[in-house]
Structure formats: structure tokens, C-alpha cells
Protein chains: 2
Amino acid sequence: MGENSSLERTESGDLTPLYGTYRGLDLVSDKWTVRVVYELRPGGRRLSDLQRAVKGISQRMLIHTLRNLERNGLVKRTVYPVVPPKVEYYLTPLGKTLMNPLLSLCAWTNEHIEEMEKAREQYDKETEEVSINGE
Amino acid sequence: MGENSSLERTESGDLTPLYGTYRGLDLVSDKWTVRVVYELRPGGRRLSDLQRAVKGISQRMLIHTLRNLERNGLVKRTVYPVVPPKVEYYLTPLGKTLMNPLLSLCAWTNEHIEEMEKAREQYDKETEEVSINGE
DNA sequence: CGGTATCCCTGCGGATACTG
DNA sequence: CAGTATCCGCAGGGATACCG
């Protein structure tokens, strides 16, 4: 997710149409980012709050994910100097612009998940047969 | 990418609006899928062809990625019984429907990558200062 | 409550060699 | 050309303990 993503141009020096998008794609290409961003939609949310919302995430990973988003300017972190400490995370304007494409992708999935699951069963059944009777 | 993605409902038993999308999201959440799908856009492409197009991918991962897409019904694999062997991969109708949301995401990235990079530099500079003068 | 620090293990994914 | 098999390093990420 971090520093790598070394992306070279083609030998000829030209760029593929996807050039530049790779770096951004791996923003989404981790286990938690999308879900955290999604939960941030309503507005300022606290850490413990988020951890409850994003089921299954560890505190370690939640913080890691938030830091990453913050680093890329998608999330702002605000500390209220009170006791007990209170910290709120919310999407920046930039972060909010990500919601649309993200929701498109989610919508696509919702629409096609069943088709994919059927295909998967089918595929698994077939390859299983093959491995049994050595077809 | 695989079998996991255990997604539970909330204690109350209801579903979050994102329910069901997780499985699909990890389609995108791997290092190569998006780029392979993208390269498949033009139509049938051969393995070696793809490997040249998707720079940096190993044959192992290319095949792995293709198998996965095939398993989910997004890609069809066609073998021509000739020597030397010829195999073509192409997007299924289902696979093609993925292009739009995918391109949306890529477009978002292209539009905002610079902003993110600036934010990142800024963030790194600040946190560096902190760690130096123990602010 | 909101974090950081450590330990540790799984599996992603690269490199390489081999087959039809 | 297309694909499988092995070996293996290393980062992603979970569990746990501890601090202001």
C-alpha cells in the first residue's frame, strides 16, 4: 500500500491509459480502506465508534488505515482537548469525492454478486470432476 | 481474494448497506486484477501478450489472476487445438459490465492523484518535524 | 478513550526450473 | 506458447500488553 508501486513506462516511453491510476488504486486495494471510508460518510466519528462499525477490524489496522487516509488528504483528524480524550475523524472534501466511484463499484457488486457466485460454484464443480476422474 | 471474507451481520441481525459488496470488493483489492481486466478490454488476448502488457506481473500471478477471474465468470478461456498451443482470454458480458465502475475509479484517481500527492508530502514533512524536535 | 510497541504467523507473490 | 511445481522472503495483519 505504501511506498512501492514502482510503475514504469513502456520501453518506448509512452504511457498506458491507466498510467498514474495504479498508485491510487492501491488506495482501495487493501482490506479495510473502503469500509472505513464508507463508515466515515455520516460525518465525524470516533475511533471506538468506527471500530464497532467496521466489524472484524483490529484497532491496529483501523488506526493504520485512518493514518493512511489522513496522509493522502482524504481524512481529517481532530483532537478535542478534553478528558477523557476525544478524537474525531471525518472525510475531507477530497475524501467525499471518492464516495461516488466507490459506491458505483459497490452497486456493481450488489447487482452481480449472485451471478458471480453461480459461476464460481459451476467452475468449482467442473474442476473437481476433472481432478477426480483425471479427465 | 479467496474463500475468506467472512462477513457477519450486526448483532441486531440487520445488514449494513454495504452488505454483500465486500466479497466483490476484494475482487479489486488485489495487486493485479484491475490491470489485467483493463488489458482484456480490447478482446481476446493471449497469455504472453498479456504478460507483456501488464508490466511487472509474473507469469505465476498472471495465471493466478486469470483463473480467479475465470472462476468468477468474468473471463472466458478458449483453447485452440493447434501447435504451438494457442489460448485466448476475453471478458465475458459480465466481465465487460465491470469496466464502467472500474474506469470511474481510475478516472477519480487520475483527477485527484496530484492533490493526494501534495497532501502526502505535506503530511510527511510535518510528521518528520515532529519526530525531529520531539514536538 | 486513543493510541504505540512487540511478537508472530500466514499467505501473497517473486524467481526459477521443468513439462507438453 | 501455455502452464505447473517448488522454494522462499517478506509484508499484511491479528493478538496482546502497555501508556497518557
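Chain letters run A, B, ... following the sequence lines, proteins first, then strands; residues in each count from 1. Atom set for the values below is all heavy atoms of this structure, side chains included, hydrogens, waters and symmetry mates excluded. No experiment lies behind these values; they were computed from the predicted model shown.
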Exercise for review: Go through residues 43-52 of chain A and report each residue with a non-hydrogen atom lying under 4.0 Å from DNA chain D, sorted by number.
Suggested key: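 Correct list: empty, so none.
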Practice item. Kindly state which residues belonging to residues 76-86 of chain B come within less than 4.0 angstrom of DNA chain D, counting heavy atoms of the residue only, listed by number. Key: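 Within residues 76-86 of chain B, the residues near DNA chain D are Arg77(B), Pro85(B).
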Exercise for review: Apply side-chain hydrogen bond (donor to acceptor under 3.5 Å, both in side chains) to Asn100(B) and list each qualifying residue two or more places apart in sequence or on a separate chain.
Suggested key: none
Exercise for review: Tell me whether the OP1 or OP2 atom of dA2(D) has a side-chain N or O from Arg67(B) closer than 4.0 Å.
Suggested key: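 No.
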Between [N] ([atom2]) and [X] ([atom1]): distance, integer Å:
{"X": "Asp30(B)", "N": "dA11(D)", "atom1": "CG", "atom2": "C1'", "value": "16 Å"}
{"X": "Glu70(A)", "N": "dG3(C)", "atom1": "CD", "atom2": "C1'", "value": "13 Å"}
{"X": "Leu62(B)", "N": "dC1(D)", "atom1": "CG", "atom2": "C1'", "value": "13 Å"}
{"X": "His64(B)", "N": "dA5(D)", "atom1": "NE2", "atom2": "C1'", "value": "15 Å"}
{"X": "Ile63(A)", "N": "dG12(D)", "atom1": "CD1", "atom2": "C1'", "value": "16 Å"}
{"X": "Tyr89(B)", "N": "dA2(D)", "atom1": "OH", "atom2": "P", "value": "8 Å"}

Check your understanding: What bend angle does the helix from dC1(C)-dG20(D) to dG20(C)-dC1(D) show across its length, from five-pair end axes and to the nearest 10 degrees?
Key ->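 Axis-to-axis angle, ends of the helix: 40°.
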Which side-chain N or O atoms in residues 89-97 of chain A pair as donor and acceptor under 3.5 Å with protein atoms at least two apart or in another chain?
from: Tyr89(A); atom 1: OH; to: Arg67(A); atom 2: NH1; distance (Å): 3.4
from: Tyr89(A); atom 1: OH; to: Arg77(A); atom 2: NE; distance (Å): 3.4
from: Tyr90(A); atom 1: OH; to: Thr78(A); atom 2: OG1; distance (Å): 3.4
from: Thr92(A); atom 1: OG1; to: Gly73(A); atom 2: O; distance (Å): 2.7
from: Thr92(A); atom 1: OG1; to: Leu74(A); atom 2: O; distance (Å): 3.3
from: Thr92(A); atom 1: OG1; to: Leu94(A); atom 2: N; distance (Å): 3.4
from: Thr92(A); atom 1: OG1; to: Gly95(A); atom 2: N; distance (Å): 3.0
from: Thr97(A); atom 1: OG1; to: Leu94(A); atom 2: O; distance (Å): 2.5
from: Thr97(A); atom 1: OG1; to: Trp108(B); atom 2: NE1; distance (Å): 2.9

Side-chain heavy atoms of [X] within contact of [Y], under 4.5 Å:
{"X": "Leu103(A)", "Y": "Tyr38(A)", "result": "yes"}
{"X": "Val54(B)", "Y": "Thr65(B)", "result": "no"}
{"X": "Val36(B)", "Y": "Leu69(B)", "result": "yes"}
{"X": "Lys31(A)", "Y": "Met61(A)", "result": "no"}

Grab the N/O contacts between the protein and nucleotides 14-16 of chain C below 3.5 Å, and write none if there aren't any.
from: dG14(C); atom 1: OP1; to: Lys31(B); atom 2: NZ; distance (Å): 3.3
from: dG14(C); atom 1: OP2; to: Ser58(B); atom 2: OG; distance (Å): 3.1
from: dG14(C); atom 1: O6; to: Arg60(B); atom 2: NE; distance (Å): 2.8

Check your understanding: Rounded to the nearest 0.5 Å, how far apart are CG of Leu105(B) and OG1 of Thr109(B)?
Key ->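 Those atoms lie 5.0 Å apart.
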Point to revise | Separation of Leu62(B) CG from Leu47(B) CG (nearest 0.5 Å) | key: 5.0 Å
Review point. Backbone N or O of Ala53(B) within a donor-acceptor pair of the Arg35(B) side chain at under 3.5 Å?
Key: no
Review point. Quick check: does any side chain N or O of Arg41(A) sit under 3.5 Å from a backbone N or O of Met99(A), one acting as donor and the other as acceptor?
Key: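 A pair under 3.5 Å: no.
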With sequence neighbours excluded, what pairs up with [X] under the side chain to side chain contact (heavy atoms under 4.5 Å, CB included) test?
{"X": "Glu88(B)", "answer": "Arg46(B), Tyr80(B), Lys86(B)"}
{"X": "Val83(A)", "answer": "none"}
{"X": "Gln122(A)", "answer": "Lys125(A), Glu126(A)"}

